[in-house]
Amino acid sequence: HAGQEWLDLACGTGRVAEIAARGGATVTGIDLAPALIEVAKRRAQERGLDIDYRVGDAEKLDVPDASFDAVSSCFGVMFAPSHEAAAAELARVTKPGGRISLACWTPEGRIGGMFRLQGSFMPAPPPSVAVDWGREDHVRTLLGDSFDLQFERRLSVWKWESGEAMWEFFSPRFGPVVTLLKNLPPDKAKEFKQAMIAYSEEGRDGDHVVDEREYLLIAGRRI
């Protein structure tokens, strides 16, 4: 609503930021990837939306303390390498009484399984496990001292003609997969592709592949 200061953190190309801006909020969108920020700026201009997009790091935000009434992150902040640093920044920039809303994939869901499959092709384990943000106990440890928290498990359901069709859509768009493919030799990249297609086909239901992605919706009010 008008007068509300809103931060969309790890905003990507800006879909959530756009929703907030249409509602009348004064919106800032921050993402680590300059290319995504450029797309977000172009989308905002095309839609006539005034959104302050910036390149920035979720672990070290260049904004004053207690700057925002609302902070959102849709499958974004969970990918910061240091969960503790990102959580501390969420608490720092949210005004007393302000709200956060985070959507994070769960380790038990299809995306969690995909990350485990992806990890088997990585030369070294990542510095942290992104889907730990989908565990209530982990989030309470990170944010429980600063926020009154509520949790809800939900599903994002996609349908595809085949595992191959899912791969063709997914592989050039999902950052962790794009990065991994760039670093794999051709034979391993082909093996990874086939493994991912086979994993997708496990969800086949008749003529379609049904991809039910469980996520944890985290809502918090700043104490």
Side-chain angles (χ1 to χ4, degrees), residues 9-13 30-36 55-61 73-92 100 102-146 149 151 153-156 158 163 166-203 209 211-218:
L9 187 56
C11 62
T13 56
I30 296 177
D31 198 280
L32 189 63
L36 297 182
V55 175
D57 187 345
E59 296 180 8
K60 192 175 182 180
L61 295 168
S73 188
C74 186
F75 310 117
V77 72
M78 64 182 291
F79 292 103
S82 173
H83 296 186
E84 292 76 13
E89 285 295 83
L90 285 170
R92 183 182 69 81
I100 61 170
L102 316 174
C104 301
W105 303 118
T106 67
E108 302 87 359
R110 294 285 298 175
I111 297 295
M114 186 203 71
F115 282 141
R116 288 189 292 275
L117 174 59
Q118 180 179 333
S120 67
F121 286 86
M122 297 175 68
S128 60
V129 181
V131 291
D132 278 348
W133 276 93
R135 293 172 35 222
E136 292 183 25
D137 59 340
H138 185 65
V139 177
R140 287 195 186 279
T141 299
L142 293 172
L143 297 174
D145 290 341
S146 302
L149 296 169
F151 302 94
R153 287 179 180 256
R154 294 189 176 186
L155 287 177
S156 171
W158 291 56
M166 182 176 174
W167 170 262
E168 293 302 325
F169 178 85
F170 196 72
S171 58
R173 291 173 171 85
F174 187 57
V177 170
V178 173
T179 301
L180 179 58
L181 287 172
K182 287 180 179 178
N183 289 283
L184 287 176
D187 59 331
K188 295 298 290 185
K190 182 177 180 180
E191 183 182 342
F192 175 56
K193 173 183 176 180
Q194 294 305 317
M196 288 287 287
I197 290 173
Y199 181 67
S200 301
E201 285 288 343
E202 291 176 7
V209 168
D211 184 22
E212 293 188 344
R213 306 173 180 181
E214 185 185 61
Y215 64 96
L216 186 67
L217 182 62
I218 304 159

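Atoms considered below: every heavy atom in the structure, side chains included; atoms not considered: hydrogens, waters and symmetry mates.
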Exercise for the section: Go through the steps for Ile218 and Phe151 under the test side chain to side chain contact (heavy atoms under 4.5 Å, CB included), then give the verdict. Expected result: CA-CA 5 Å; Ile218 304 159; Phe151 302 94; 4.0 Å; yes
Practice task
List the steps and the verdict of side chain to side chain contact (heavy atoms under 4.5 Å, CB included) for Leu143 and Ile100.
Solution key: CA-CA 11 Å; Leu143 297 174; Ile100 61 170; 3.9 Å; yes
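Checked against side chain to side chain donor-acceptor pair (under 3.5 Å), Asp137 has the following partners two or more places apart in sequence or in another chain: Arg135. Under the side chain to side chain contact (heavy atoms under 4.5 Å, CB included) criterion, Ala195 pairs with Leu117, Phe121, not counting sequence neighbours. Partners of Arg92 under the side chain to side chain contact (heavy atoms under 4.5 Å, CB included) rule, at least two apart in sequence or in another chain, are Leu61, Val63, Asp65, Glu89. For Arg116, there are no salt bridge (Lys or Arg N to Asp or Glu O under 4.0 Å) partners two or more places apart in sequence or in a different chain. Legend: residues meeting side chain to side chain donor-acceptor pair (under 3.5 Å) with Glu191, ordered by chain and number and at least two apart, are Lys188. Residues satisfying the salt bridge (Lys or Arg N to Asp or Glu O under 4.0 Å) test with Lys60, not counting sequence neighbours, are none. When the side chain to side chain donor-acceptor pair (under 3.5 Å) test is applied to Lys190, no partner is found at least two apart in sequence or on another chain. Scored by the salt bridge (Lys or Arg N to Asp or Glu O under 4.0 Å) test, Asp187 finds no partners at all (sequence neighbours excluded). Taking Glu136 as the reference, nothing meets the side chain to side chain donor-acceptor pair (under 3.5 Å) condition, with sequence neighbours excluded.
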Which pairs would a plain distance check flag for residues 105-114, meaning a side-chain donor or acceptor within less than 3.5 Å of a matching protein atom at least two apart in sequence or in another chain?
unit_1 : atom_1 : unit_2 : atom_2 : d
Thr106 : OG1    : Gly109 : N      : 3.2
Thr106 : OG1    : Glu214 : OE1    : 2.7
Glu108 : OE1    : Arg153 : NH1    : 3.4
Arg110 : NH2    : Tyr199 : O      : 2.5

Got a list of side-chain donor-acceptor pairs under 3.5 Å for residues 167-180, not counting sequence neighbours?
unit_1 : atom_1 : unit_2 : atom_2 : d
Ser171 : OG     : Trp167 : O      : 2.8
Arg173 : NH1    : Phe169 : O      : 2.9
Thr179 : OG1    : Gly175 : O      : 3.1

Side chains of residues 77-84: which donor-acceptor partners sit under 3.5 Å, not counting sequence neighbours?
unit_1 : atom_1 : unit_2 : atom_2 : d
Ser82  : OG     : Ala85  : N      : 3.1
His83  : ND1    : His138 : NE2    : 2.9
His83  : NE2    : Ser128 : OG     : 3.4

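To the nearest 0.5 Å, atom CD of residue Glu201 and atom CE of residue Met166 are 10.5 Å apart. Distance check, rounded to the nearest 0.5 Å: CD of Glu202 to CG of Asp211 gives 11.0 Å.
Ser73 contributes a side-chain N or O that, together with a main-chain N or O of Leu9, makes up a donor-acceptor pair within less than 3.5 Å.
Closest approach of Trp133 to Val139, counting heavy atoms only: O-CG2, 3.2 Å.
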